[in-house]
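Remarks on the structure that follows.
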Amino acid sequence: MKRIISDVLIIGAGPAGAIAGALLAKRGWAVNVIEREEFPRFSIGESLLAQCMKSLERADMLKAVKSAGFQIKNGAAFEWNGARTSFEFSDKFSTGPGTTFQVQRAYFDKILADDAERQGVKIYYKHTIKTAEVYKQEVRLIAKHEGKSLVFQARFVLDASGFGRVLPKLLKLDIPSEFPVRESVFTHIEDNIKENRFDRNKILITVHPKERDIWYWLIPFSDGRASIGVVGDKNKLALWGDAPGDILSNAILSAPTLAKTLVNAKFDMPIQRIHGYSSNVSKLAGPGFALLGNAGEFLDPVFSSGVTIAMKSSELAVDCLHKQLSGETVDWDKEFSTPLKEGIEVFKTFVKAWYDGNFQDVIFYQTEKKEIKRMICSILAGYAWDKSNPFVAAPERRLNALVEICSID
Ligand code: FAD
């Protein structure tokens, strides 16, 4: 069998894999990325958070992304039963970029992957990882390509395979997520939105008028198109129909303000569904491997934290791996898993509070307390690792206190 050797292997060329690859190549390591698909390929998850811009800058990819003409995103708008509120990322408490992009992932992911190649990473497209032997000093992966098997060998493997979850499955690391099984039904549309109040610079999150655990995203792109999706308990969504098209159209009709916004929309692409996407693992790193992005823990789409967490995981893992490959001792728990999880826990607190309705109450509450709004805004902009923000340092306690204030006033 043909054998291909490098310092590091990365499974998957999505945002986590591309960023990790570029950061490693920059430090002089030979990196092979093994990617199942050919790019561009469709992927869901189009609304970025401002924190991502820091990762892109560090990976020297900001210029390529900025010149692609993606829709600027400067915040998030929320709507429920006619109540509308919005957060401007520029008002955030944390320092750092105050804008980001809403991206068609097919093109965004290709830009990142091409840029990683420009920086010296080798990507093997249409190669699917089938087996993995992972040891402390050596890793061997077998990939299938056009019916043939190849062996990829390296000193370490980063699994950035997203929902493919290659190593969690092969090394039996999967554990149940804390979140219930939810479903999402979505597509891209020609939106034809004429409403003046609609702000193309923001993701619009609409909460279902009666079922507050059902919500919709509307993510406008720069070319007059948009991503639209509904998220909720699978059984509840099933009441709108069996076929994804029926579910999405009936779901939109039952949210009158959203239906009005989309009255002229042209649904011209297949409607897709995905469920059971929340996932977790028993450990994020072990001898010879670390899990990046969705291959580790995935929470929920509601605050668009997926790509941000993916990129942050790549940055943290590469810092550790560079040290380890250079001969230093690395405590992966202390230097990778723990700091990564700190930010994930912040998002998790807000996601839980979203679905139990408490955080929705906070969002739609017209607070005069500007400083608190700035702190919440920071989380919505992705700055979940900035411990100078009290809502990052003690998310549950702070959020519970805020929920209480909002329900008393
Ligand atoms: P991916 O982008 O999934 O990349 C993984 C790559 O690995 C793929 O290219 C795949 O082909 C490859 N691969 C898989 N298996 C193999 C194999 N066996 N061999 C080789 N290659 C393989 N996030 C946001 O930030 N904003 C959003 O608005 C948002 N909305 C979402 C909506 C929904 C309904 C869902 C489910 C998720 C959403 N997310 C969102 C999350 C986002 O999609 C992911 O967090 C993000 O894509 C993770 O990036 P990644 O690099 O870890 O994985």
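Ligands are counted one by one from 1 in listed order, and the atoms in each one are counted from 1 as well. Because the structure is predicted, anything quoted here is derived from the model rather than measured. Along the sequence shown, residues carry numbers from 1.
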Q) Does a side chain donor of either Q102 or N201 reach within less than 3.5 Å of an acceptor in the other side chain? A) no
Q: Output yes when K387 and E342 qualify as a salt bridge under the 4.0 Å nitrogen-oxygen rule, no when they do not.
A: yes
**Q.** Near-ring test Y383/F93, centroid separation under 6.0 angstrom
**A.** no
**Q.** Nearest neighbour of atom 49 (O) of ligand 1 from the list P15, G14, G306, on a heavy-atom basis
**A.** P15
Q. Based purely on interatomic distance, does I44 place a nitrogen or oxygen under 3.5 Å from a nitrogen or oxygen of ligand 1?
A. yes
Q.
Please determine whether a side-chain nitrogen of the Lys or Arg among R41 and D109 lies less than 4.0 Å from a carboxylate oxygen of the Asp or Glu.
A. yes
Q: Decide, yes or no, whether a salt bridge links K348 with D300 under the criterion of side-chain N to carboxylate O below 4.0 Å.
A: no
Q. Which of the listed options, L291, V302, N294, holds the heavy atom that is closest to atom 45 (O) of ligand 1?
A. N294
**Q.** No-hydrogen, no-angle side-chain donor-acceptor test under 3.5 Å, K202 and N74
**A.** yes
Q: Just need the protein heavy atom nearest to atom 18 (N) of ligand 1, so name the residue and atom and give the distance.
A: V166 CG2, 3.2 Å
Q) Closest non-hydrogen protein atom to atom 51 (O) of ligand 1, residue and atom name please, with distance? A) A16 N, 2.9 Å
Q: Answer with yes or no whether R165 contacts ligand 1, where contact means a heavy atom under 4.0 Å from a ligand atom.
A: no
Q) Between G164 and ligand 1, is there a nitrogen or oxygen pair with a distance under 3.5 Å? A) no
Q.
Under a 4.0 angstrom heavy-atom cut-off, which atoms of ligand 1 come close to G12?
A. 6 (C), 7 (O), 12 (C)
Q. Which ligand 1 atoms does G162 reach within 4.0 Å, using its non-hydrogen atoms?
A. 3 (O), 5 (C), 53 (O)
Q. Which ligand 1 atoms does E37 reach within 4.0 Å, using its non-hydrogen atoms?
A. 11 (O)
Q | Ionic contact status for E211 with K236, cut-off 4.0 Å | A | yes
Q) Do W217 and S227 have a side chain donor and acceptor closer than 3.5 Å? A) yes
Q: Report the member of F303, F298, Y277 with the shortest heavy-atom distance to atom 37 (C) of ligand 1.
A: F298
Q) Got an N/O contact under 3.5 Å between S305 and ligand 1? A) no
**Q.** Heavy-atom nearest neighbour in the protein, as seen from atom 39 (N) of ligand 1, with distance rounded to 0.1 Å
**A.** G45 CA, 3.7 Å
Q | K73 and Q71: CA distance, side-chain angles, deciding distance, side chain to side chain contact (heavy atoms under 4.5 Å, CB included) verdict | A | CA-CA 6 Å; K73 175 182 174 188; Q71 174 67 49; over 6 Å; no
Q: Starting from atom 21 (N) of ligand 1, find the nearest protein heavy-atom neighbour and note its residue, name and distance.
A: R36 N, 3.0 Å
Q | Per-atom contacts of ligand 1 with T128, taking only distances under 4.0 Å to non-hydrogen atoms | A | 18 (N), 19 (N)
(Q) For atom 32 (C) of ligand 1, what is the closest protein heavy atom, and at what distance to 0.1 Å? (A) P301 CB, 3.4 Å
Q. Hey, which atoms in ligand 1 end up nearer than 4.0 Å to a heavy atom of S47?
A. 24 (C), 25 (O), 26 (N), 27 (C), 28 (O)
**Q.** Derivation of the side chain to side chain contact (heavy atoms under 4.5 Å, CB included) call for W385 and K312
**A.** CA-CA 9 Å; W385 289 268; K312 184 73 183 182; 3.5 Å; yes
(Q) Can you tell me which residue among L284, L321, T338 is in a side chain to side chain contact (heavy atoms under 4.5 Å, CB included) with W332? (A) L321
**Q.** L9, I11, L167, V139 screened by side chain to side chain contact (heavy atoms under 4.5 Å, CB included) with F289, the one that passes
**A.** L167
Q) In terms of atom number and element, which parts of ligand 1 are under 4.0 angstrom from non-hydrogen atoms of S184? A) 34 (C)
Q. Looking at F108, is K110 sitting on its ring face, NZ or CZ under 6.0 Å from the six-membered ring centre and within 45 degrees of the normal?
A. no
Q. Which bit of A160 is near ligand 1, meaning a heavy atom under 4.0 Å away: side chain, backbone, both or neither?
A. backbone
Q) Any idea which protein heavy atom is nearest atom 25 (O) of ligand 1, and the distance to it? A) V307 N, 2.8 Å
Q. Any N/O of I219 closer than 3.5 Å to an N/O of ligand 1?
A. no
Q.
Is the ring pair H188/F221 parallel, tilted or perpendicular, if the boundaries are 30 and 60 degrees?
A. perpendicular
Q) Which ligand 1 atoms are under 4.0 Å away from a heavy-atom of I34? A) 20 (C), 21 (N)
Q) Do NZ/NE/NH1/NH2 and the carboxylate oxygens of K92 and D386 come within less than 4.0 Å? A) no
Q: Of the side chain and backbone of S161, name the one, both, or neither that has a heavy atom under 4.0 Å from an atom of ligand 1.
A: both
Q | Closest candidate by heavy atom, reference atom 10 (C) of ligand 1, pool R41, K126, E35 | A | E35
Q: Go through ligand 1 atom by atom and flag the ones less than 4.0 Å from a non-hydrogen atom of E46.
A: 27 (C), 28 (O)
**Q.** Min heavy-atom dist H127 to ligand 1 below 4.0 Å
**A.** yes
Q.
Salt bridge check, E315 against K54: does any charged N sit closer than 4.0 Å to a carboxylate O?
A. no
Q. Heavy-atom distance to atom 2 (O) of ligand 1: which of Q272, H275, R105, K73 wins?
A. R105
Q) Does an N or O from I129, backbone or side chain, lie closer than 3.5 Å to an N or O of ligand 1? A) yes
